[in-house]
Amino acid sequence: MSVGESSSLHVTSHVPLAPLTTLRVGGPAARMVDLCSEDDVRASVADADAHRQPLLVLGGGSNLVVADEGFAGLVGRMAIRGIEARRTGDRVLVDVGAGEDWDALVARAVEEGWRGVASLSGIPGRVGATPIQNVGAYGEEVADTVAGVRVFDRASNAFVDMAPAECGFGYRASMFKRSERWIVTSVRFAFESGDDAPVRYAELARALSVKEGGRVPAKQVRETVIALRRGKGMVLDPADPDSVSAGSFFVNPVVDLATAAQVEVLAGAAPPSFAAGEGRVKLAAAWLVERAGFVKGWGEGRAGVSRKHALALVNRGGATSAELLAVARAIRDGVRARFGVTLEPEPVFVGCSLER
């Protein structure tokens, strides 16, 4: 009898993965199980190891590109729930299960006066994925409020509580990203108390009619951010075909000053840029994409560029992973040929790659 059969796991076979991702592409999982507790996480690791199969932990599927062939292993759907909050002085510590919906947590934070995540409203996915990607938008990122991450360490076969300094947070990155060693089971956040929020992003400041660096009610920030994201097709909406995407497909590249100057010469205009420290700047990837010829709506097939945002690649209906990746390669190669800058993808690839 296998480990999976002797445990409490309820494993199902040949489960379609495309409906479980926001891009709606990809083949089936050989086997799938719901992870409702830390015991399930431990058991799923043992099961995958016993079957000599890879293990994929699936959250909301909002940052995933699955190969058309599917996944020949065990998929664990993260479903650990629970939110526990306690006040310590002027801060609120909140422990959240990895399977909780991220935007629902943000909505509660705004309602409860937990300051620090209002600008991260409208982002799809589960809480457990946010430290992995170090999710960020409109001047805030998850690392700003993370006080700890609880993970299962497959190398030591034990659960570990990791401090922020141990997580390797960077721009849209962490030590957990693209690694099979750690499985996030819960996240602890440390929020300041307050009903307002700082405005740290120029686009958001303009939409709110305030100066960058000012403060406005958090509820107003949340409503404005959601409206901005909806205008870019970045809010999941069955009525909006441009929301059938993985959000921004490429991250903003961080380059040295010489490369930024070269881009300006080649483009005939200065690219939008942000200081990134130590003589480096972050360039706006969407600007590079459009000026390389990949305008909103580009592509005549079933996969192409969103009509609302140049960084979002969309499935227009019935697209395959291969078709989507072909679009991504064309954009990456086109930007590199035009400006000498290589864009890096943000989604996690399962069984596929941008490399041919």
Side-chain angles (χ1 to χ4, degrees), residues 17 20-23 26 35 41 44-45 48 54-67 71 73 75-78 80 96-100 102 105 117 120 123-137 140-156 159-189 245-254 276-277 280 282 285 311-313 321 325 328 332 342-355:
L17 288 176
L20 304 180
T21 72
T22 55
L23 266 170
L35 307 178
V41 171
S44 70
V45 170
L55 172 66
L56 170 67
V57 178
L58 175 67
S62 58
N63 199 47
L64 208 61
V65 181
V66 180
F71 182 70
V75 172
R77 294 185 66 184
M78 180 51 68
I80 297 176
V96 188
E100 291 285 349
W102 169 252
L105 175 66
V117 290
L120 302 181
I123 296 175
R126 301 289 183 263
V127 167
T130 59
I132 296 173
Q133 301 292 131
N134 190 16
V135 167
E140 288 181 342
E141 61 183 20
V142 166
D144 296 334
T145 54
V146 168
V149 181
R150 184 165 173 81
V151 301
F152 182 75
D153 182 357
R154 297 184 66 176
S156 62
F159 289 96
V160 181
D161 294 305
M162 304 186 70
E166 299 175 286
C167 296
F169 289 127
Y171 172 60
R172 302 297 180 270
S174 73
M175 66 183 296
F176 313 119
K177 190 173 182 179
R178 306 185 197 284
S179 172
E180 297 180 355
R181 176 175 173 177
W182 296 280
I183 300 173
V184 176
T185 59
S186 66
V187 184
R188 174 171 292 176
F189 297 92
S245 76
S248 295
F249 200 89
F250 296 101
V251 299
N252 293 325
V254 177
R280 298 174 70 80
K282 184 190 304 178
L311 274 190
L313 306 188
S321 293
L325 290 171
R332 181 199 59 184
T342 300
L343 297 180
E344 297 295 333
E346 184 156 347
V348 174
F349 297 113
V350 177
C352 55
S353 169
L354 274 189
E355 305 308 320

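Residue indices begin at 1 and follow the sequence shown. On a predicted model such as this, the values are computed, not experimentally measured, just so you know.
- Smallest separation of non-hydrogen atoms from L354 and A328: CD2-CB, 3.5 Å.
- Taking OG of S62 as the reference point, atom CG of L23 lies at 9.5 Å (rounded to 0.5 Å).
- For F169, there are no ring pair (Phe, Tyr, Trp, His ring centres under 6.0 Å) partners two or more places apart in sequence or in a different chain.
- Closest heavy-atom contact between A246 and N63: O-OD1, 4.0 Å.
- Under the 4.5 Å side-chain criterion, counting only non-hydrogen atoms from C-beta, L343 is not in contact with F249.
- A distance of 5.0 Å separates OG in S44 from CG in L55, rounded to the nearest 0.5 Å.
- A heavy-atom distance below 4.5 Å is found between the side chains of I132 and V184.
- Checking side-chain atoms of S174 against main-chain N and O of P131 turns up a donor-acceptor pair under 3.5 Å.
- The aromatic rings of W182 and F176 sit perpendicular, their planes meeting at an angle over 60°, well past the 30° parallel limit.
- Side-chain contact between C352 and V66 is absent, with no heavy atoms from C-beta onward closer than 4.5 Å.
- You'll find the side chain of R172 stays beyond 4.5 Å of the side chain of N134, heavy atoms only.
- With sequence neighbours left out, the salt bridge (Lys or Arg N to Asp or Glu O under 4.0 Å) criterion links E141 to no other residue.
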Output, in order, the C-alpha distance, side-chain angles, deciding distance and verdict of side-chain contact (heavy atoms from CB on, under 4.5 Å) for V57 and F152.
-> CA-CA 12 Å; V57 178; F152 182 75; over 6 Å; no
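- E346 pairs by the side-chain hydrogen bond (donor to acceptor under 3.5 Å, both in side chains) definition with nothing, not counting sequence neighbours.
- Under the rule for a salt bridge (Lys or Arg N to Asp or Glu O under 4.0 Å), the partners of R181 that lie at least two apart in sequence or sit in another chain are D153.
- In terms of modelled atom types and a separation under 3.5 Å, the side chain of R332 and the main chain of T342 share no donor-acceptor contact.
- The closest donor-acceptor contact from the side chain of S248 to the backbone of F250 lies at 3.5 Å or more, if one exists at all.
- By the 4.5 Å heavy-atom criterion applied to side chains, S186 and I80 are not counted as neighbours.
- Side-chain contact between L105 and E100: absent, with no pair of heavy atoms (C-beta onward) separated by less than 4.5 Å.
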side-chain contact (heavy atoms from CB on, under 4.5 Å) between L325 and F349, intermediate numbers included
CA-CA 10 Å; L325 290 171; F349 297 113; 3.7 Å; yes
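- Panel note: side chain Q133, backbone T130; no donor-acceptor pair is recorded below 3.5 Å.
- Side chains of M78 and I183 form a contact here, defined as non-hydrogen atoms less than 4.5 Å apart.
- Minimum heavy-atom separation, V251 to A285: O-CB, 3.7 Å.
- Atom OG1 of residue T145 and atom CZ of residue R188 lie 13.5 Å apart, to the nearest 0.5 angstrom.
- Applying the ring pair (Phe, Tyr, Trp, His ring centres under 6.0 Å) criterion to Y171, with sequence neighbours excluded, gives no partner residue.
- Pairing each heavy atom of V146 with each of P164, the nearest pair is O-CG, 3.2 Å.
- Note that the CG atom of L17 and the CG atom of L56 stand 7.5 Å from one another [nearest 0.5 Å].
- Remark: side-chain polar atoms of K177 are not paired, donor with acceptor, to backbone N or O of V348 under 3.5 angstrom.
- For the pair V151 and F159, the minimum side-chain heavy-atom distance is 4.5 Å or more.
- Residues satisfying the salt bridge (Lys or Arg N to Asp or Glu O under 4.0 Å) criterion with R150, sequence neighbours excluded, are E38, D161.
- In this structure, T22 and G60 approach most closely via the heavy-atom pair CG2-O, 4.4 Å.
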